[in-house]
Amino acid sequence: MRRYHRRMHTYRIGEAAALMGVSADTLRRWVDSGRLTAERDEQGRRIIPGPALAAFAREVARSAERDNPGSSARNRFSGIVTEVILGDVSAQVEIQAGPFRVVSMISRESAEELKLEPGVPAVAVIKSTNVVVETP
């Protein structure tokens, strides 16, 4: 097996919570209940080992996939519609999904059938063969 990092990456509670899209209190409850592993750093603060957070994130995502088995798409972002711009044939729909802004071009007919307007809950389902990966 190939190793990518010599030193394991760790996350503080707030960082891990932001990555998971939950509050720090929710993440602390997951740690306290044993759902997620945490360790203590030299100052006694709780830290989450990167591999443990990745495994937990996979588990959460897979349970969400099991809730919707009728789709081959694996990238789902639940959020709220923030803007809809209707054109003659198409519509630009903007969804805020946690810290992520997702913009989609769909047919005007679809936007009207779905009754999309600001404030409506929506899920952006993304099926892509080309995904760019960047590091912060």
Side-chain angles (χ1 to χ4, degrees):
M1 177 177 241
R2 185 173 172 195
R3 297 191 71 174
Y4 291 97
H5 299 288
R6 293 185 190 274
R7 183 172 102 59
M8 179 178 57
H9 196 90
T10 59
Y11 297 92
R12 293 180 66 182
I13 293 287
E15 294 171 323
L19 289 170
M20 293 297 296
V22 298
S23 70
D25 286 339
T26 295
L27 199 109
R28 281 187 200 94
R29 282 192 293 275
W30 288 341
V31 169
D32 292 344
S33 71
R35 283 187 68 193
L36 181 59
T37 303
E39 300 171 357
R40 297 274 179 183
D41 66 9
E42 300 82 29
Q43 290 79 34
R45 295 176 298 212
R46 289 193 281 188
I47 56 171
I48 312 296
L53 184 60
F56 183 73
R58 270 194 311 275
E59 175 190 318
V60 169
R62 287 188 179 136
S63 72
E65 286 175 6
R66 285 190 294 272
D67 291 344
N68 188 15
S71 176
S72 64
R74 297 294 179 247
N75 304 300
R76 309 175 77 78
F77 298 93
S78 296
I80 186 169
V81 175
T82 55
E83 185 173 25
V84 178
I85 301 171
L86 296 174
D88 292 337
V89 177
S90 63
Q92 178 179 315
V93 180
E94 183 176 307
I95 297 171
Q96 192 66 37
F100 306 106
R101 176 178 169 253
V102 181
V103 180
S104 178
M105 294 298 292
I106 64 174
S107 70
R108 179 184 178 119
E109 180 181 3
S110 292
E112 290 172 342
E113 283 178 8
L114 293 170
K115 298 179 174 74
L116 296 178
E117 61 183 35
V120 171
V123 178
V125 181
I126 301 166
K127 176 87 174 177
S128 177
T129 57
N130 183 17
V131 177
V132 176
V133 176
E134 299 177 341
T135 57

Note, [X] side chain near [Y] side chain (heavy atom, < 4.5 Å):
X: Ile48; Y: Ile13; result: yes
X: Met20; Y: Leu53; result: yes
X: Leu116; Y: Ile106; result: yes
X: Val84; Y: Gln92; result: no
X: Leu19; Y: Tyr11; result: yes
X: Ile126; Y: Phe77; result: yes
X: Ile80; Y: Val120; result: no
X: Arg46; Y: Glu39; result: no

I'd like to know whether [atom1] of [X] has more than 12 heavy-atom contacts from other residues, nucleotides or ligands below 6.0 angstrom.
X: Glu109; atom1: CD; answer: no
X: Arg12; atom1: CZ; answer: no
X: Arg101; atom1: CZ; answer: no

Identify the heavy atoms of Ala111 and Ala91 that sit nearest to each other, and give their distance. CB-CB, 3.8 Å
Ala52 versus Leu36, closest heavy-atom pair with distance: O-CD1, 3.9 Å
Looking at Arg28 and Asp25, does any basic side-chain N land under 4.0 Å from a carboxylate oxygen? yes
side-chain contact (heavy atoms from CB on, under 4.5 Å) assessment of Arg35 paired with Arg29: CA-CA 9 Å; Arg35 283 187 68 193; Arg29 282 192 293 275; over 6 Å; no
Answer yes or no: is there a donor N or O on one side and an acceptor on the other, between the side chain of Thr26 and the main chain of Val22, under 3.5 Å? no
Examine distances only and state if a side-chain atom of Ser90 and a backbone atom of Gly87 form a donor-acceptor pair shorter than 3.5 Å. no
Under the side-chain hydrogen bond (donor to acceptor under 3.5 Å, both in side chains) test, which residues partner Thr82, sequence neighbours left out? Glu94
